[in-house]
Amino acid sequence: MAHLLIKFGGGLITDKGKLMSVDYNAIDKLSAMTRQLLDEGHIVTIVHGAGSFGHLKAKEWKLALGADEAILSEQNHAVSEVRADMILLNSIICDSLNKHGVETNSHPPSTWASETGPEFIGNIDRFTNSSSQIVNVTFGDVVDCRAPKHFGILSGDDLMVRIGKEISDISHAIFLLGDTEGVLSAPPDNPDAALIDIWHRGDQVMGRHDSEMDVTGGIFLKVRSAELIAEVVEDVWLIDGRKPKRVLQLVESKATIGTRVTI
Ligand code: IP8
């Protein structure tokens, strides 16, 4: 029996460039995968990203940088909007999971976490779970921060780190990506880009952070987060989320196409 901690990347479940656009087909495939994992007796914990439900407005109102006196009332409005948008995206994901017979328990970070980065404040014990009947779900969110910041963006990748490191029975931490098979040796549009099968902590890669849309860290934050989790979790992977069968294959046969991150 495995306990899988899985991140549904924001670029996988939404179209990142188009405000609040959902990829229902991708989400349904992930729900079917989750159902199958539970049927096989595994425990699943899900973290999802924000995609176009979070990054576009967060970028427009510079929410990741915290309070800015010059635009504070617009920012406060945007904080409430992004929180509501994330609750909506979370309910779309949970509805799909429920439709597949998966019972969910959602944990919106704005209600239990504060501060940003992997050292954020919040009790991770809520993700202790020994049942394959219920799936805990959480997500990247706008959280409260100490003055003078007042608010900031807590990425789903940071939640992955803390849950991966603090919930002792997690056997697999898997980042599902929306546009690549794993970590590539160059940006995906470069014809020389090749899949890196094994990533050792400290390896370097050419990459691009799409700061036009992404207010957290893009692929670099994911790899850095994966390295931190690999300090305690045996199987840490970045896998193509458009092909969820690879997750099932990994659990069954201990290998699949993707990037395995080790220390
Ligand atoms: O997509 C970001 O979470 P991520 C959360 O997991 C918001 O990095 C609200 C932009």
Side-chain angles (χ1 to χ4, degrees), residues 5-23 26-27 30 45-67 75-93 106-120 122 127 136-145 149-164 173-180 207-226 228-229 238-239 241:
L5 171 64
I6 306 178
K7 180 164 186 212
F8 297 175
L12 171 64
I13 54 179
T14 74
D15 175 346
K16 268 193 138 173
K18 216 162 123 226
L19 193 63
M20 295 173 78
S21 55
V22 181
D23 190 335
I27 293 172
L30 297 168
T45 299
I46 295 171
V47 176
H48 67 80
S52 57
F53 280 65
H55 289 272
L56 298 175
K57 280 183 196 163
K59 173 93 187 160
E60 184 178 358
W61 296 107
K62 301 187 177 68
L63 302 186
L65 302 175
Q75 282 187 316
N76 283 332
H77 185 67
V79 167
S80 311
E81 271 190 356
V82 174
R83 283 179 176 159
D85 294 350
M86 287 308 300
I87 295 280
L88 175 61
L89 177 60
N90 178 252
S91 73
I92 291 169
I93 291 165
S106 281
H107 303 260
S110 61
T111 65
W112 62 271
S114 60
E115 304 300 326
T116 60
E119 311 291 322
F120 73 87
F127 297 101
N136 284 314
V137 185
T138 190
F139 49 85
D141 203 359
V142 187
V143 293
D144 292 342
C145 294
K149 237 184 136 190
H150 295 291
F151 50 79
I153 302 287
L154 178 63
S155 172
D157 295 344
D158 297 320
L159 290 153
M160 287 289 287
V161 172
R162 290 289 294 283
I163 300 170
I174 301 171
F175 292 82
L176 293 179
L177 310 169
D179 59 353
T180 159
R208 181 186 56 203
H209 174 202
D210 210 342
S211 54
E212 272 298 298
M213 294 181 280
D214 204 327
V215 296
T216 48
I219 192 78
F220 298 115
L221 178 61
K222 260 171 251 313
V223 171
R224 178 71 195 125
S225 304
L228 292 172
I229 303 169
L238 285 82
I239 295 177

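Side chains are part of it too, since the values below use all heavy atoms of this structure and drop only hydrogens, waters and symmetry mates. Every number for a ligand or one of its atoms is a count from 1 in the order of the listing.
Taking distance alone, with nitrogen or oxygen atoms compared against 3.5 Å, S155 approaches ligand 1 more closely than that limit. Here's the thing with H48: none of its N/O atoms is less than 3.5 angstrom from an N/O atom of ligand 1.
Partner of S106 under the side-chain contact (heavy atoms from CB on, under 4.5 Å) criterion, chosen from I87, N90, I93: N90. A side-chain contact (heavy atoms from CB on, under 4.5 Å) with S225 is found for exactly one of L221, L228, V223, namely L221. Across V143, V142, D158, a single residue satisfies side-chain contact (heavy atoms from CB on, under 4.5 Å) together with T116, and that is V143.
Listed by number with element, the atoms of ligand 1 under 4.0 Å from a non-hydrogen atom of G140 are 3 (O), 5 (C). Proximity to G49 (heavy-atom distance under 4.0 Å) selects the following atoms of ligand 1: 1 (O), 6 (O). Near G156, the atoms of ligand 1 lying under 4.0 angstrom from a non-hydrogen atom of the residue are 3 (O), 4 (P), 6 (O). Listed by number with element, the atoms of ligand 1 under 4.0 Å from a non-hydrogen atom of I153 are 2 (C), 5 (C), 7 (C), 10 (C). Each of the atoms 9 (C) of ligand 1 lies under 4.0 Å from some heavy atom of V82. For ligand 1 and K7, the ligand atoms under 4.0 Å from any heavy atom of the residue are 4 (P), 6 (O).
Using a 4.5 Å cut-off on side-chain heavy atoms (C-beta onward), D85 and M20 make contact.
Ring-plane geometry between F139 and H48 is classed as parallel, the angle between the planes falling under 30 degrees on a 0 to 90 degree scale with a further cut at 60.
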>> Test salt bridge (Lys or Arg N to Asp or Glu O under 4.0 Å) on R83 and D144; report intermediate values, then the result.
In response: CA-CA 11 Å; R83 283 179 176 159; D144 292 342; 3.0 Å; yes
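Closest heavy-atom contact between P118 and V161: CB-CG1, 4.1 Å.
Using a 4.0 angstrom heavy-atom cutoff, G10 does not count as in contact with ligand 1.
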